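Heavy atoms only: backbone and side chains are in, while hydrogens, waters and symmetry mates are out. Throughout, protein chains are lettered first and strands after them, A, B, ... in sequence-line order, and every chain is numbered starting at 1. Predicted model only: the values in this text are computed from it and were never measured.
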Amino acid sequence: MAAARVLRTWGRSAGRLVCVRHFQACSTGHILKPKCLCLLGFPALKYNHPHHLLKTTAALCGQVVQFKLSDIGEGIREVTVKEWYVKEGDTVSQFDSICEVQSDKASVTITSRYDGVIKKLYYNLDDIAYVGKPLVDIETEALKDSEEDVVETPAVSHDEHTHQEIKGQKTLATPAVRRLAMENNIKLSEVVGSGKDGRVLKEDILNYLEKQTGAILPPSPKAEIIPPPAQPKDRTVPIPISKPPVFIGKDKTEPITGFQKAMVKTMSAALKIPHFGYCDEVDLTELLKLREELKPIALARGIKLSYMPFFIKAASLGLLQFPILNSSVDENCQTITYKASHNIGIAMDTKQGLVVPNVKNVQICSIFEIAAELNRLQNLGAVGQLSTTDLAGGTFTLSNIGSIGGTYAKAVILPPEVAIGALGSIRALPRFNLNGEVYKAQIMNVSWSADHRIIDGATMSRFSNLWKSYLENPAFMLLDLK
Amino acid sequence: MVLIHLDSGGDDHGYVPHPMWSFQKEAKFCPVLLFKLNSLPTETFTSQGMLIPFLMKNCFQLLCTHKVPAAGFKNAVKSGLILQSVSSDVYQNLAVEDWIHDHVNLEGKPILFFWRNTPSLVIGRHQNPWQECNLSLMRERGVKLARRLSGGGAVYHDMGNINLTFFTTRTKYDRMENLKLIVRALNAIQPQLDVQATKRFDLLLDGQFKISGTAAKIGRTTAYHHCTLLCSTDRTSLSSLLKSPYQGIKSNATQSIPAMVKNLLEKDPTLTCEGLINAIAAEYAAHHQIDHHITFINPTDETLFPGINSRAKELQTWEWIYGRTPKFSISTAFNVLGEQTPLEIKVFLDIKNGRIEICRIEAPYHWLPLEIYEKLNSGLTGSKFCPVETTMITHMLLRTCPEDQELHSKWNVLCEKIKGIM
């Protein structure tokens, strides 16, 4: 569209006449193209997204500008390019960072002087760049200070609008913002600039308009408001046209790496195990009372006492009666190993992801010792400093998902173990006691998963009942405590 | 009386200026009177300090209500500011530097900023932490690692090391002038002191001991030059932490140049940190013809520095500290105990953005089966070059290996050795 460019440069005073001529030149009975419309000067043709406009016209008549590396100071002639913030094809605005260069212990951020599209990078990383030589090529729509980018609209009959200069001092604004102001018959000098160095930004124009017209312009970037053409000069209230909301989000695809990738492998292996589930509810009313009594004593010894040490110890007592739950099978399920130590793992949710450290040899630990060890593991887990020893060697796992929420869960067994228990949250619920009276019970649900190749439902059920009985009546635990 | 003009034009990245900071053009050169208060509301500081948060709030309120056209004041009095941080957190202090660089108009109003940190190691913008320092020792001792935005080499910070930042406009950026100012200040309190600035912008004591290193950051309109000053730093920690034990690193990152150092306090016991700060402040004030009072600032004050806390947080992320390391590769080997003789295992890693792009472990197949090495290679590819993440990954992956005591213990040995190079 060379015609457009030519017309722009010497059509300043010709006004409407020129535009009509152009219209005749470019359309021969076809539908008017948007660019022609604009030149014809339909007033108040607002493009709410100036950059959108920038792109279409840039494709038409962009000029490729060589952006040279400007003087760094201190007589420095050459620098090393350390980091690129843009690549070829990226769109940049004026003042966006382009790259980072280093010279003699000084790190310099080079910012763009133009709006446009990066066409060429002259250097690779760690190359030496020279002051005064081209750094990048930018395809711009127009140069920053030029007055030639002013689009003529017949509605703008006063020429002072074409110059946007106040008292010999130019208002700083990008060409896109200037156009927006132009189209709305706004003097840039009257707008308060909120950008850097008092720059007038798009938001400032919109705010100014809002104050002027009392209307709120719809902010959707792709919408174009084309009010009826018979309103040349007066700034009447533009009727906000309601548009269906436009969602411009995009899908994001990235490879699965790191810990997530490891989880993929482990969980895939885990699901090869035929799981069966068994759930029950446990009345912890008595345990809650006990813990309340013991909490201050533990605190005096410097340990925070939660319910977990009780659950863990009860599980270990149960495993003594049902050692198959503390076993391990080989890959082909041909050999079974009954583990001697009860290394009970506790699933923890940390910043890095799921970790399962275990408390070693619970079968010979007191509840207080378990609590102390739990504190230590939790503190290390919080700062990501769990050692391999803490994480390795687990034989049985408990997952207290209830601390976050939930009732029943279907936990996945962590190989090479054969069973896992998921504990729900403790809630107050009405239950009947032995006398048939309703009382306030503290109920927690437990969901066990076990390897059905070697463990049957009856075993799991008996183990669960035993575990439950220890917790529902803590005094009973004393009898079997080792 | 001090004239300050702190104008925030709002940065280019969508930051909305705080209402207190955005002034109308006409009010740009309004004078602000700082009153020296004898009774301070909350915190207490050394005798020289004035509490700026309280004052700035009042003064800005003043400014907003009295729009005095200040054409007459423009050339009347020279201005500038001397600031000192009340925080010893390296990330918060680096965030202050960053904030001032981005938000303050330094035209005719330069700023000098004093800050000191609890034991930390600060590397330059384009450096490789594995090349520069002993990361495992730092983790053991709880020494923080930070990456600053200026160039230059690695430095050890502790409360005996004074940091000075000279903020100016880009045109007024002159590192030698700043260093000469420091030398004058030192000679003012100790005329016998032999301190010289070198061509590399270091300060040498007695012609051989480095007492100060320099780095700088240049932006579009502003620039800053910061340097250290060794007053009473723990030199043993300094040398042990700045020595990297990691072998086989090939990288284009900026490398630090080691130097012999000495503390000023060792040379002359009267040269304390406080004394040095006051002397330099006095010299700066004299040079710029401003009031020599030091104003204390709190780097966590959002009303004074809107958005600074999120900046400080960003500076603490793994992505910034480690992830910004320029591409590098490691080619190293270690020994493990074989049946009779030690076996050599070679490890080749390509690391980009702090993540392992390529991982290749070369080890004898009779020690561990090929699938195990493949499993480890594949598991580590794409993960962070970080011992914490590696521990988690290798632990999870072990669950997919056959249940074999010997295999498990060899796997653990191999993983520990690999973590040893991270």
- Pair Thr388(A), His395(B): side-chain N/O donor-acceptor within cut-off below 3.5 Å: no
- Note on the structure: Checking His126(B), Gln127(B), Arg147(B) against Thr325(B) for side-chain hydrogen bond (donor to acceptor under 3.5 Å, both in side chains), the one that qualifies is Arg147(B)
- Message: Is Thr390(B) in contact with chain A via its backbone, its side chain, both, or neither, using a 4.5 Å heavy-atom distance?
- Response: neither
- Contact winner vs chain A - Ser378(B), Pro402(B), Ser150(B), Pro387(B), heavy-atom pairs under 4.5 Å: Ser378(B)
- Leading residue by heavy atom contact count with chain A [cutoff under 4.5 Å; candidates Glu389(B), Glu416(B), Arg200(B)]: Arg200(B)
- Interface moiety of Asn412(B) toward chain A, non-hydrogen atoms closer than 4.5 Å: side chain
- State, to 0.1 Å, how close Trp99(B) and Pro306(B) come at their nearest heavy-atom pair, and which atoms those are. NE1-O, 2.9 Å
- Message: Tell me which of these, Ala392(A), Pro255(A), Gly258(A), has more heavy-atom pairs under 4.5 Å with chain B than the rest.
- Response: Gly258(A)
- Compute whether any side-chain donor of one residue and acceptor of the other, for Arg148(B) and Ser107(A), lie under 3.5 angstrom apart. no
- Query: What part of Gln260(A) gets closer than 4.5 Å to chain B, counting heavy atoms only: side chain, backbone, both or neither?
  - Reply: neither
- Query: Hey, does Asn358(A) have a side-chain heavy atom less than 4.5 Å from the side chain of Ile344(A)?
  - Reply: no
- Query: Can a cation-pi geometry be assigned to Arg113(A) and Phe67(A), taking NZ or CZ under 6.0 Å from the six-membered ring centre and within 45° of the ring axis?
  - Reply: no
- Query: Is it the side chain or the backbone of Ile110(A) that comes within 4.5 Å of chain B heavy atoms, both, or neither?
  - Reply: neither
- Message: For chain A, which candidate among Thr381(B), Leu398(B), Leu380(B), Asp174(B) shows the most heavy-atom pairs at distances under 4.5 Å?
- Response: Thr381(B)
- Message: Testing the 3.5 Å rule here: is there a donor-acceptor pair between the side chains of Ser341(A) and Lys360(A)?
- Response: no
- How long is the gap from CD on Gln405(B) to CD on Glu403(B), to the nearest 0.5 Å? 8.0 Å
- Query: Side chain, backbone, both or neither: which part of Ser328(A) has an atom under 4.5 Å from a heavy atom of chain B?
  - Reply: side chain
- Side chain, backbone, both or neither of Lys327(B) within contact of chain A (heavy atoms, under 4.5 Å): neither
- Query: With a 4.5 angstrom heavy-atom cut-off, which part of Ile356(B) approaches chain A: side chain, backbone, both or neither?
  - Reply: neither
- Query: Side chain, backbone, both or neither: which part of Arg175(B) has an atom under 4.5 Å from a heavy atom of chain A?
  - Reply: both
- Do Lys339(A) side-chain atoms and Gly393(A) backbone N/O form a donor-acceptor pair below 3.5 Å? no
- Message: Need one label for Thr171(B): side chain, backbone, both or neither, based on atoms under 4.5 Å from any heavy atom in chain A.
- Response: neither
- Pairs of heavy atoms under 4.5 Å with chain A: top-ranked of Gly379(B), Gly151(B), Ala215(B): Gly151(B)
- Looking at Glu97(B) and Phe167(B), what are the two nearest heavy atoms and their distance? O-CE2, 3.6 Å
- Should Tyr322(B) and Leu145(B) count as side-chain neighbours, where that means a heavy-atom distance under 4.5 Å? yes
- Query: If you count heavy-atom pairs under 4.5 Å between each of Met263(A), Lys82(A), Lys265(A), Glu331(A) and chain B, which one has the most?
  - Reply: Lys82(A)
- Task: Please flag which part of Asp126(A) lies under 4.5 Å from any non-hydrogen atom of chain B: side chain, backbone, both or neither.
- Result: side chain
- Item | Winner by heavy-atom pair count (cut-off under 4.5 Å) against chain B, out of Met267(A), Gln385(A), Glu100(A), Lys105(A) | Lys105(A)
- Message: For Lys384(B), which atoms come within 4.5 Å of any heavy atom of chain A: side chain, backbone, both, or neither?
- Response: neither
- Query: Within a radius of less than 6.0 Å around NZ of Lys144(B), do more than 12 heavy atoms belonging to other residues, nucleotides or ligands occur?
  - Reply: yes
- Item | Under 4.5 Å from a heavy atom of chain B, the part of Ala269(A) involved | side chain
